[in-house]
Asker: 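Dropping a structure here in structure tokens format, bear with me for questions.
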Number of protein chains: 2
Amino acid sequence: MRELCSPLALAPEEMRQLDRVACNRNRIRKRDSLFWPGDPFTALYAIRLGTFKTVVLTEDGREQITGYHMAGEIIGLDGIGNDRHASQAVALEDSEVCVLPFDLLDELAHNVIALRRNLYRFISNDICRGQSMMLLLGSMRAEERLARFLLNLAQRFQTLGYSSSEFVLRMTREEIASYLGLKLETVSRLFSRLQEEGLIQVQGRAVKLLDSTALKRLVGERC
Amino acid sequence: MRELCSPLALAPEEMRQLDRVACNRNRIRKRDSLFWPGDPFTALYAIRLGTFKTVVLTEDGREQITGYHMAGEIIGLDGIGNDRHASQAVALEDSEVCVLPFDLLDELAHNVIALRRNLYRFISNDICRGQSMMLLLGSMRAEERLARFLLNLAQRFQTLGYSSSEFVLRMTREEIASYLGLKLETVSRLFSRLQEEGLIQVQGRAVKLLDSTALKRLVGERC
DNA sequence: CGCACGGTTGACCTGTATCAAGCCGGGTGG
DNA sequence: CCACCCGGCTTGATACAGGTCAACCGTGCG
């Protein structure tokens, strides 16, 4: 548990207090949901293991994946605002989360300045993530979107201690497409094209980044 | 000042405390910026008067407008996460803001539960706004995007006590286009088309919603 | 073993972008 | 006070990225 909360940078004594809060783990099976849109908001969830997607829906049934979340990240933040979750969180593989009841968390935040600040921080980071997604969806071409997606995954795998150049996607082409505001055929074609160009190697969901420099150039990064 | 903080739902006594925090007003002239990307984060800003756009940039200079903000709203929330603002906030007309130094705000939040909760709430609402924008940018057609934009503005004007069916846009076609992930010519054509169809009446930036029911149907709302 | 789901690929279509020309209205300087 | 100019807007013609429809494949799961 502790390592999960290390991003919160607490003193050991505060850690013990937090342990009271985050006592209960929870296993979520692949395809099961942690919460649904409209569910009353009671807790945040710290992902210990596995991967989740968050999804929002239109009235007429279309859906948009708004995020992929891996171990060490916290989800459910969108529920604080109006005491109901706005999105759905679905496990992409068998996963495990810590339930962080928000009342307890807030009570603790009352005393522990560092925790309060870090709560703000987490929520605010989600805002920034949203802004980058708007940038991506609003003004980037398809190829650039996919390249960014891959580089972002690579970086996150790296911070988790996995290879940043070789990994297995947890999501289908259709899910990638939804996230990137494209159609699944387009994503499939893009994978093939990037492979032809020698930038990546794809075999189903197994991806190897062969030329990250070129990928970064694709997304307009100065190298 | 007080009416601005009324969404925070404070007791009168707490109000007085908050007055200490939000003492200083600030006039911002049209086209001037409240903060720039990279600026150190020190405060939130409560808009008293006027309109702002928030903008994020790519390394290679493209820009995406991520939000329009009117009186009563709070901006700058994206800065909390890493102590630097990620976006730029530009006044679309002569405006006035209250500066809310975050240190003071947080200190006060330590004591006042309601304020703490409402801080969370504000930030979280921004996340939800981001999610709806992803939905819009990722899976809606151009006409639907514009219709949603207009209906959203209408509703916000209404809550400010202005007409919800007749208002003057503060932004150019190009700014609307950026926000909606389109090009200015497309936005212009859409305005013309909605007018031909009798749903709205446009004269430059003056807009009148003639058939909100049809507009809502356009965005897939059951009526 | 076979079926169903996920993925690839091709042919064609269309919504939106792009390029280009002209208009309108309001602010400025003569 | 008028003429001009410029930024913002509209509209048309054309291009193209990505969507749609359809056929087929492979593979892993029951």
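Protein chains get the first letters and strands the later ones, always in sequence-line order, with residue 1 at the start of each.
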Asker: When you measure from the side chain of R189(A), which nucleotide among dG8(D), dT11(D), dA11(C) comes out closest?
Answerer: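 Of dG8(D), dT11(D), dA11(C), dA11(C) is nearest to the side chain of R189(A).
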Asker: In whole angstrom, what separates L92(B)'s CG from dG8(D)'s P?
Answerer: 12 Å
Asker: OP1 or OP2 of dG6(C) sitting under 4.0 Å from any side-chain N/O of R205(A)?
Answerer: no
Asker: Kindly say whether, by distance alone, the side chain of E185(B) makes a donor-acceptor pair under 3.5 Å with the base of dC19(C)?
Answerer: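 Yes.
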Asker: From C-beta outward on A142(A), which listed nucleotide comes closest to its side chain: dG12(D), dG8(D), dG18(D)?
Answerer: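 Of the candidates, dG18(D) comes closest.
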Asker: Remember a base hit wins even if backbone is also touched, and classify S188(B) as base, sugar-phosphate or nothing at under 4.0 Å, heavy atoms.
Answerer: base
Asker: When all nucleic acid strands are considered with a 4.0 Å heavy-atom cut-off, which category describes R141(A): base, sugar-phosphate, or nothing?
Answerer: sugar-phosphate
Asker: Which one, dA17(C), dG6(C), dG18(D), comes nearest to the side chain of T186(B)?
Answerer: dA17(C)
Asker: With R173(A) as the cation and F191(A) as the aromatic partner, state whether NZ or CZ is under 6.0 Å from the six-membered ring centre and within 45° of the axis.
Answerer: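 The answer is yes; both the distance and angle limits are met.
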Asker: Using atom CD of Q195(B) as one end and atom C1' of dT11(D) as the other, report the distance to the nearest whole Å.
Answerer: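 One finds 14 Å between C1' of dT11(D) and CD of Q195(B), rounded.
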Asker: Between R170(B) and E175(B), is there a salt bridge with N-O shorter than 4.0 Å?
Answerer: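 Judged by the 4.0 Å cut-off on N to carboxylate O distance, E175(B) and R170(B) do not form a salt bridge.
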Asker: Measure the distance from NZ on K30(A) to C1' on dC29(D) and round it to the nearest whole Å.
Answerer: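 So the two atoms are 11 Å apart, to the nearest Å.
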Asker: Tell me what L184(B) touches on the nucleic acid: a base, only sugar-phosphate, or nothing, going by heavy atoms under 4.0 Å.
Answerer: base
Asker: What integer distance in Å separates R31(A):CZ from dC5(C):P?
Answerer: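 One finds 10 Å between P of dC5(C) and CZ of R31(A), rounded.
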Asker: Looking at the side chain of K183(A), which of dT20(D), dA17(C), dT9(C) is the nearest nucleotide?
Answerer: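 From the listed options, dT20(D) comes nearest.
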Asker: Distance check needed: dG7(C) P versus L190(A) CG, whole Å only.
Answerer: 14 Å
Asker: Rounded off to whole Å, could you give me the CE-to-P distance for the M171(B) and dC9(D) pair?
Answerer: 11 Å
Asker: If we check side chain to side chain contact (heavy atoms under 4.5 Å, CB included) with H69(A), which of these qualifies: I74(A), T51(A), T54(A)?
Answerer: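 When I74(A), T51(A), T54(A) are each tested with H69(A), the side chain to side chain contact (heavy atoms under 4.5 Å, CB included) holds only for T54(A).
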Asker: Any side-chain N or O of S192(B) less than 4.0 Å from the OP1 or OP2 oxygen of dT11(D)?
Answerer: yes
Asker: Quick check: do Q64(B) and L137(B) have side-chain heavy atoms less than 4.5 Å from each other?
Answerer: yes
Asker: Whole angstroms only, please: what is the CZ-P distance between R173(A) and dC25(D)?
Answerer: 19 Å
Asker: Without decimals, in angstroms, what is the distance between Q203(A) CD and dT27(D) P?
Answerer: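 It is 7 Å, rounded to the nearest whole Å.
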Asker: Any salt bridge linking R62(A) with D60(A)? Criterion: basic side-chain nitrogen under 4.0 Å from a carboxylate oxygen.
Answerer: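 Salt bridge between R62(A) and D60(A), a charged N being under 4.0 Å from a carboxylate O: yes.
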